[in-house]
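Please read the structure below before turning to the comments.
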Amino acid sequence: MPELPEVETIRQDLRKKILHKKIKNLKLTQKARVNMNHLDFVKLIKNKEFEEIDRIGKIIIFVLPAKKFLLVHLKMTGQLIYERGRQIIGGGHSDNQMPSKLPDQFTRATFELVDGGKLYFNDMRRFGYLKIVDEKELNIEKAKYGIEPLQANFTLANFKKALQNRKTTIKAVLLNQKLIAGVGNIYADESCFLAEIRPSRRVDILSSTEIEKLYSAIKSVLKKAIEKRGTTFNHYRDSDGNTGNFIKYLKVYGRSGEKCKKCGNTLKKIKVAGRGTVYCPSCQK
DNA sequence: CCTTGTGTTCTCCG
DNA sequence: CCGGAGAACACAAG
């Protein structure tokens, strides 16, 4: 489940690896989810180079020449794995979900670069997609996203504005991409734990101290998660095919029924905003 | 039945 | 009766 830290890790790594490289060919399988017919899609990609690699929320943006943009959303199980020319990637860990050799049955698209390198888009569940847009459509897409937690516009004032007049739970706000971009289920729960606030609390009854704590918690959790190269719960891999290391630092997500690392009480799982939510009933108020 | 992210539809409230 | 907000539902597929 790639969220902001995972997508950002992939973006930063791919920038180092494939920036300004030219695409010789793109191979799409029948199961690839793209926003036009395959022939047209390939035509728009072929012989283009990656001018820049950006991100909005959980979407990776490959900037192509002539103001075209390739948007990639990994959704639940998507991976973007880069392989240098003629080299078989190691696969990182001995996890049976990680293929030792690509392409495999879950490879939906292969970008063949002129230097022999390959960029594979793998996606077991086929929820992820590739989409080519022009500048106008890119701006429409960008308008769907709120403040970016790691950028200059994520100020306390803007965060307060995002919560203003809302009559819903913290969890719903954190998951709402129109308000705050890139936070998903893992980092929403982790941020609430760090802020010592229950995800089910309504935002309109938070004190200003609590809002400040939550604001700092989001930044701190996401920053540390990027330092540790993201969370691999099951499918996430970086562009080398390696797992992320943040799972060791998770305090609540995926730990329902286990002991709170801070107070020792049992972590509880409930449903908030339609999503599984884990919290500590004694640490979080 | 579950999983998550997101788009759509429904419902409620002032 | 309306607009808007938020909740609920639908969908992707294994």
Side-chain angles (χ1 to χ4, degrees), chain A residues 1-8 10 28-35 55-61 71-80 95-99 104-109 121-131 133 137-138 140-146 148-149 161-192 199-206 218 222 225 230-237 244 246-247 250 252-257 269-279:
Chain A
M1 298 138 251
E3 302 179 25
L4 188 152
E6 292 76 30
V7 176
E8 182 63 15
I10 292 172
L28 295 174
T29 69
Q30 212 53 48
K31 292 186 167 182
R33 284 165 53 98
V34 298
N35 65 330
R55 178 185 61 75
I56 354 169
K58 300 164 193 168
I59 298 177
I60 298 188
I61 306 169
L71 311 186
V72 179
H73 201 311
L74 300 172
K75 291 284 180 98
M76 312 246 318
T77 62
Q79 305 172 333
L80 277 171
D95 186 303
N96 61 10
Q97 315 238 27
M98 183 56 209
D104 67 11
Q105 57 178 319
F106 301 126
T107 301
R108 311 302 179 197
F121 174 62
N122 286 350
D123 187 17
M124 188 181 81
R125 291 193 193 171
R126 287 180 63 216
F127 295 178
Y129 61 80
L130 309 178
K131 192 168 164 183
V133 299
E137 293 164 312
L138 178 70
I140 293 169
E141 203 69 39
K142 279 184 176 172
K144 295 178 189 170
Y145 289 83
E148 283 280 346
K161 224 178 268 176
L163 307 190
Q164 223 165 43
N165 303 324
R166 306 251 149 221
K167 292 177 174 63
T168 186
T169 60
I170 297 165
K171 177 97 177 201
V173 169
L174 294 183
L175 294 179
N176 187 339
Q177 301 301 298
K178 285 189 195 100
L179 299 175
I180 298 156
V183 177
N185 214 20
I186 298 174
Y187 300 106
D189 282 8
E190 292 300 314
S191 300
C192 287
S200 54
R201 284 272 297 284
R202 272 174 60 131
V203 290
D204 53 347
I205 53 154
L206 290 180
I218 295 165
L222 294 176
T231 303
T232 296
F233 220 78
N234 32 40
H235 296 98
Y236 169 69
R237 293 296 182 278
F246 196 69
I247 191 164
L250 293 178
V252 285
Y253 184 87
R255 300 192 65 245
S256 155
K269 185 163 187 175
I270 54 172
K271 209 161 213 147
V272 184
R275 298 296 167 219
T277 300
V278 185
Y279 72 102

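Note that this is a predicted model, so its numbers are computed, not measured. Note on naming: letters A, B, ... go to the chains in the order of the sequence lines (proteins, then strands), and numbering restarts at 1 for each one. Note that these values count all heavy atoms, side chains included, but never hydrogens, waters or copies made by symmetry.
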Sugar-phosphate only, base, or nothing, as touched by A/G128 at under 4.0 Å among non-hydrogen atoms: nothing

Sugar-phosphate only, base, or nothing, as touched by A/F233 at under 4.0 Å among non-hydrogen atoms: nothing

From A/L130 atom CG to A/R108 atom CZ, the distance as rounded to the nearest 0.5 Å: 11.0 Å

Pairwise distance NE2(A/H73) to CD1(A/I56) - rounded to 0.5 angstrom: 9.5 Å

[X] side chain, from C-beta outward: closest of [options]:
X	options	value
A/R33	B/dT3, C/dA12, B/dG5	C/dA12
A/N185	C/dG6, C/dG14, B/dT4	B/dT4
A/K58	B/dG5, C/dG14, B/dT3	B/dG5

Between atom [atom1] in [X] and atom [atom2] in [N], what is the gap in whole Å?
X	N	atom1	atom2	value
A/I56	B/dT6	CD1	P	11 Å
A/L174	B/dT4	CG	P	15 Å
A/D189	B/dG5	CG	P	11 Å
A/R126	C/dC11	CZ	P	16 Å
A/N176	C/dA5	CG	C1'	11 Å

Upstream residue (5' side of DNA chain B) when A/K178 and A/Y253 are each assigned their closest nucleotide: A/Y253

DNA chain B: 5'-proximal contact among A/F127 and A/K144 (nearest heavy atom): A/F127

Test: A/E137 and A/K131 ion pair at under 4.0 Å: no

Along DNA chain C (nearest heavy atom to each residue), the more 5'-positioned of A/R166 and A/R275: A/R166

Angle between terminal axes - the helix from B/dC2-C/dG14 to B/dG14-C/dC2, 5 pairs each end, rounded to 10°: 40°

